[in-house]
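Please read the structure below before turning to the comments.
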Amino acid sequence: MHSAVFLIEFGAIILALGLLGRFAGRFQFSPIPLYLLAGLAFGEGGLLPLGASEEFVAIGAEIGVILLLLMLGLEYTANDLVSNLKTQYPAGLVDCTLNALPGAIAALLMGWGPVAAVVLAGVTWISSSGVIAKVLGDLGRLGNRETPVILSVLVLEDLAMAVYLPIITALLAGVGLAAGSLTLAIALGAAGIVLFIAVRYGRLISRFVSSDDPEKLLLVVLGLTILVAGIAQQLQVSAAVGAFLVGIALSGEVAEGAHSLLAPLRDLFAAVFFVFFGLHTDPSSIPPVLLPALALAVVTALTKIATGYWAARRAGVSVKGRWRAGGALVARGEFSIVIAGLAVAAGIEPSLGPLATAYVLILVIVGPLTARYTQPIAGYVGGVLARRRDPAPVADTGTTGEAAVEAPQVPGPRDTVEALDGQDATDRS
């Protein structure tokens with residue numbers, strides 16, 4: 001009976017996701033917000049709460065995040081990663097400053113204390129790599145000039161979590177300086193080793209994984225990715241970082257073959273991830289904290305847009321690409337929930353959990369919309385302001401002056417030509 005209930009529940013979830021995806025595709029927008037709303041409907045306090053299949057959905061959600069980051073890593077080589085990190089680390093500093101401070105200030109204004117301020121700073125700082133990877137794929141922007149900049153910011157955030165999570169864990173547990181320093185040293189060492197292996201021995205890994213049989217290639221790549229992600233998480237390094245590094249370690253025909261084989265699995269488990277996120281949001285806990293969460297969401301959405309614009313401008317990307325980069329970074333998700341969950345488990349502030357949940361829910365829904373519409377809105381507003389300054393009719397020259405600022409030094413993803421298929425090359429400047 002339990003098995004039958006599980007099959008019915010999980011089958012209903014997959015069928016609902018398929019129908020929602022078709023609905024979103026018909027109107028040409030990302031299905032992520034619909035997946036989240038489905039999670040709210042199936043979760044605690046929703047219309048049809050799940051029982052038997054919830055544990056399986058939780059495991060599927062973890063696999064979904066891992067596959068999202070693996071597929072994003074397959075778009076880039078190890079040299080791309082190192083070059084981006086060397087050139088974009090100032091963007092990481094700007095990102096931390098602009099987006100962590102609003103959370104810390106909000107916590108202090110509400111009288112939550114310094115530890116809660118550090119926690120909420122992390123919640124507002126870290127963008128959702130999983131959501132952004134899915135949005136970039138849905139919008140066909142993996143080959144855009146601004147995508148390496150977006151990726152650099154996300155990777156810097158994910159790597160920063162290797163430092164931040166041990167620190168916040170130590171603060172919440174109230175451990176001494178020695179124990180906290182040891183935890184941090186282990187996390188940093190593990191992250192450094194994984195990155196070194198990915199960069200230095202990437203070709204050997206590709207040779208080991210390579211196979212002419214699609215079945216064997218799928219099993220080896222998937223098994224290696226989940227294994228590395230699990231080891232990374234066991235060492236208190238993000239599983240997403242481990243999966244991403246596996247992706248960049250693979251190159252050539254192996255990367256191309258793995259990409260085509262894993263794409264359907266990614267889409268399935270990514271959808272399950274977003275449903276799982278909604279499952280753990282009780283709708284009744286949102287209204288009491290909705291106003292402060294909304295205010296914080298507005299402020300940090302603007303600071304994320306500013307971060308992406310500044311980083312893309314620094315990399316020589318055109319004006320359109322700068323706005324697209326800023327809009328793509330708005331979504332928060334998995335890391336923010338993990339950070340808030342640590343604080344809730346430690347019991348430092350009862351209102352922090354609902355506030356973080358409402359905040360993330362707002363931005364995980366708004367994020368795909370800002371990714372799609374920030375650049376058109378910015379262009380429209382700029383045109384209106386220009387007409388007010390100069391009422392004389394001016395011929396439409398498109399993206400005046402943008403081509404001049406294109407910089408070839410920003411490393412691009414593999415297979416850029418394929419990624420550009422069906423897209424207007426001018427719009428990708």
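One-based numbering along the sequence shown.
The side-chain heavy atoms of S351 and W112, taken from C-beta on, include a pair separated by under 4.5 Å. In this structure the side chain of L329 reaches within 4.5 angstrom of the side chain of L154, judged on heavy atoms. Looking at heavy atoms from C-beta onward, R322 lies out of side-chain contact with E146 at the 4.5 angstrom threshold. Within the 4.5 Å cutoff, no side-chain heavy atoms of V272 are placed close to those of I63. The closest side-chain heavy-atom distance from L355 to P292 is below 4.5 Å.
Of the inter-residue distances, the one linking L361 atom CG with S336 atom OG reads 12.0 Å to the nearest 0.5 angstrom. With rounding to the nearest 0.5 Å, the separation of CD1 in I226 from CD1 in I231 is 12.5 Å.
Between P214 and L261 the shortest heavy-atom distance is O-CD1, 3.4 Å.
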Test side-chain hydrogen bond (donor to acceptor under 3.5 Å, both in side chains) on T124 and N99 and set out the steps. CA-CA 6 Å; T124 59; N99 297 286; over 6 Å; no
When you look at D95 and K304, which way does the salt bridge (Lys or Arg N to Asp or Glu O under 4.0 Å) test go after all the steps? CA-CA 7 Å; D95 179 34; K304 275 292 181 182; 2.8 Å; yes
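Side-chain N or O atoms of T374 include none that pairs as donor or acceptor with a backbone N or O of R324 at under 3.5 Å. Within the 3.5 Å criterion, the main-chain N or O of R332 finds no donor-acceptor partner in the side chain of S128.
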Can you list, pair by pair, the side-chain donor-acceptor contacts under 3.5 Å of residues 363-371, counting residues two or more places apart and other chains?
{"from": "T370", "atom 1": "OG1", "to": "G327", "atom 2": "O", "distance (Å)": "2.8"}
{"from": "T370", "atom 1": "OG1", "to": "G367", "atom 2": "O", "distance (Å)": "2.8"}

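Side-chain contact check for T300 and Y359: at least one donor-acceptor pair (N or O, by modelled atom type) lies under 3.5 Å.
Within a 6.0 Å sphere centred on CG of L15, heavy atoms belonging to other residues, nucleotides or ligands number more than 12.
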